[in-house]
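Reviewing the structure listed below.
From a predicted model like this one, the values you see are computed outputs, not experimental measurements.
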Amino acid sequence: MKLVKTVLGIAVTTAFVSLSAPASAQLVVKIGHVGPLTGAIAHLGKDNELGAKLAIEDLNAKGIKIGGQTVKFELIAEDDGADPKQGTAAATKLVDAKVNGVIGHLNSGTTIPASKIYHDAGIAQISPSATNPKYTMQGFKTAFRVVANDGQLGGVMGRYAVKDLKAKSIAIIDDRTAYGQGVADEFEKSVKAAGGKVVGREFTNDKATDFNAILTKLKGAKPDVVFYGGMDAVAGPMLRQMKQLGIDAKFMGGDGICSSELIKLAGDGMGDGQVICAEAGGVSPDKAAALDAWKANFKKRTGSDVQIYAPYVYDATMVMATAMQNANSTDPKKYLPALAKVSYDGVTGKIAFDSKGDILNGALTFYTYKGGKREMMMVVR
């Protein structure tokens, strides 16, 4: 609550000052942010929003000038509930509010349909976490992302399962969302390309809590590895039920499961070293201390630990502001070319985009869980 009060306090004070100041003295720039603030993965959406709020605070503290005017950045936050229909409704609201740019959405399933709305309105969009390749394959010059995509993530994890874990039989489950199915498809392709054997492919949904039927079916195939394409809210209960059924297998997944919250969600269903997940992002050793310091500052200012994506949201917001400064304009039509050419040294590393809007040389970070804590294994590019 302290952060919210501070942010609101700044907004009220600034608004009061602007009433008595010349109209040309301050330029208000509206930055939209969209993520799931309700529902099973609200903890991830709130993590993202806090990253955006910190960026807005830090930008305003700099007293940035664009076009000869001091800029006041304002965050307009919307909840998409991780639902595609709600996501497009949120996107429409931001377009109607005449935002200067959008950071979001969190999920691929909401990011992709919303991207058409932003594109048609000519508004720049940077997703800090949507990894489905389709997002940037649509040819929209308004769409960017600051993390590696599922082709990279699923591909690297598939090869790791076969080559490093020496898995002989691999089972795959996905939640049928754009993200979950997409990363599972890429994982399966990579497993087969590496000479691995997929012994079963099942699916659930992103709100399910009972997996006994599909897990019992897969148990008969005696998998060495179970890969789940989906989010931590489902992965946690799934791990519990795997233990109850006596399925002794490594559990792998993408960044959707790779949160600190997974420890609570899985409870005693997760053994030390059992879970291996990859986060679509990561820093080289020379950047590790700076990122750790940023996370400590994040906790001090928000009272919360970073879940997954907050640093990427922070960097995405800073990248958008940098493009505006480089173009000396907050008009998306004028700063979009600068955004496409941006080179920014952020807390998550160097950010620059390829011709599609994907991050250049995107990193992946492998994690496992031991002793009730998430531990980094390695960074792969």
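- Take Asp248 and apply the salt bridge (Lys or Arg N to Asp or Glu O under 4.0 Å) test, not counting sequence neighbours, and it matches no residue.
- For Phe144, the ring-ring contact (aromatic ring centres under 6.0 Å, His included) partners at least two apart in sequence or on another chain are Phe353.
- When the side chains of ILVMFWY residues are joined at heavy-atom separations under 4.5 Å, either directly or via intervening members, Ile351 and Val347 end up in a single hydrophobic cluster.
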Inset, instruction - Would you sort out whether Asp58 and Lys62 count as a salt bridge (Lys or Arg N to Asp or Glu O under 4.0 Å), showing the intermediate values? - result: CA-CA 7 Å; Asp58 290 348; Lys62 292 180 179 181; over 6 Å; no
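- When the salt bridge (Lys or Arg N to Asp or Glu O under 4.0 Å) test is applied to Arg159, no partner is found at least two apart in sequence or on another chain.
- The distance from atom OH of Tyr309 to atom CG of Asn48, rounded to the nearest 0.5 Å, is 8.0 Å.
- Under the 4.5 Å side-chain criterion, counting only non-hydrogen atoms from C-beta, Thr142 is not in contact with Ser115.
- Under a 4.5 Å side-chain heavy-atom criterion applied to ILVMFWY residues, the cluster that includes Val379 comprises Tyr367, Met376 as well.
- With respect to the salt-bridge test (charged N to carboxylate O, under 4.0 angstrom), the residues Lys373 and Glu375 do not qualify.
- By the criterion of side-chain heavy atoms lying less than 4.5 angstrom apart, applied directly or through intervening Ile, Leu, Val, Met, Phe, Trp or Tyr residues, Val99 is not grouped with Ile103; the two fall into different hydrophobic clusters.
- Under the ring-ring contact (aromatic ring centres under 6.0 Å, His included) criterion, Tyr314 pairs with Trp294, not counting sequence neighbours.
- Grouped by direct or indirect side-chain proximity (heavy atoms under 4.5 Å, Ile/Leu/Val/Met/Phe/Trp/Tyr only), Ile112 sits with Tyr135.
- Cluster partners of Met137, using a side-chain heavy-atom cutoff of under 4.5 Å among ILVMFWY residues and allowing indirect links: none.
- Note that CD1 of Ile123 is 10.0 Å distant from CD1 of Ile117, once rounded to the nearest 0.5 Å.
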Side-chain donor-acceptor pairs under 3.5 Å in residues 194-205, sequence neighbours left out?
residue: Arg201; atom: NE; partner: Asp174; partner atom: OD2; Å: 3.3
residue: Arg201; atom: NH1; partner: Asp185; partner atom: OD1; Å: 3.2
residue: Arg201; atom: NH1; partner: Glu188; partner atom: OE1; Å: 2.5
residue: Arg201; atom: NH2; partner: Asp174; partner atom: OD2; Å: 2.9
residue: Arg201; atom: NH2; partner: Asp185; partner atom: OD1; Å: 2.9
residue: Glu202; atom: OE2; partner: Lys217; partner atom: NZ; Å: 3.2
residue: Asn205; atom: OD1; partner: Lys207; partner atom: N; Å: 2.8
residue: Asn205; atom: OD1; partner: Ala208; partner atom: N; Å: 2.9

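- Sorted by first then second residue, the side chain to side chain donor-acceptor pair (under 3.5 Å) pairs that include residues 93-102, not counting sequence neighbours, are Glu78-Lys93.
- His33 and Ala52 get closest at one heavy-atom pair: CD2-CB, 4.1 Å.
- Looking only at atom types and distance, the side chain of Asp331 has no donor-acceptor partner in the side chain of Ser329 under 3.5 Å away.
- Between the side chains of Asp232 and His43, a donor-acceptor pair is found at a separation under 3.5 Å.
- One finds a salt bridge joining Lys356 and Asp354 here, because a Lys/Arg side-chain nitrogen approaches an Asp/Glu carboxylate oxygen to under 4.0 Å.
- For the 3.5 Å distance criterion, the side chains of Asp206 and Thr177 fail to qualify, holding no donor opposite an acceptor.
- Of the possible donor and acceptor atoms, one in the side chain of Thr92 sits under 3.5 Å from a partner among the backbone N and O of Thr88.
- Separating the NZ atom in Lys370 from the CG atom in Asp272 is a distance of 7.5 Å, to the nearest 0.5 Å.
- A donor and an acceptor atom, one from each side chain of Thr131 and Asn149, are nowhere located under 3.5 Å apart.
- Shown here are the ring-ring contact (aromatic ring centres under 6.0 Å, His included) partners of Phe211, two or more places apart in sequence or in another chain: there are none.
- In this view, Lys287 and Asp345 satisfy the salt bridge (Lys or Arg N to Asp or Glu O under 4.0 Å) rule, not counting sequence neighbours.
- Linking Ile, Leu, Val, Met, Phe, Trp and Tyr whenever their side-chain heavy atoms come within less than 4.5 Å puts Ile56 and Val313 in one cluster.
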Legend entry - Trace of the side chain to side chain donor-acceptor pair (under 3.5 Å) decision for Asp255 with Tyr179: CA-CA 10 Å; Asp255 49 357; Tyr179 164 70; 2.8 Å; yes
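- Hydrophobic clustering of Ile, Leu, Val, Met, Phe, Trp and Tyr side chains at less than 4.5 Å, counting indirect connections, unites Met238 with Leu245.
- For Tyr160, the ring-ring contact (aromatic ring centres under 6.0 Å, His included) partners are Phe366, not counting sequence neighbours.
- Ile257 and Val234 fall within a single hydrophobic cluster, where Ile, Leu, Val, Met, Phe, Trp and Tyr side chains are chained together by heavy-atom contacts under 4.5 Å.
- Residues Ile276 and Leu165 form a side-chain contact, since some pair of their non-hydrogen atoms from C-beta on lies under 4.5 Å apart.
- Atom OG of Ser259 sits about 10.0 Å away from atom CD of Glu279, to the nearest 0.5 Å.
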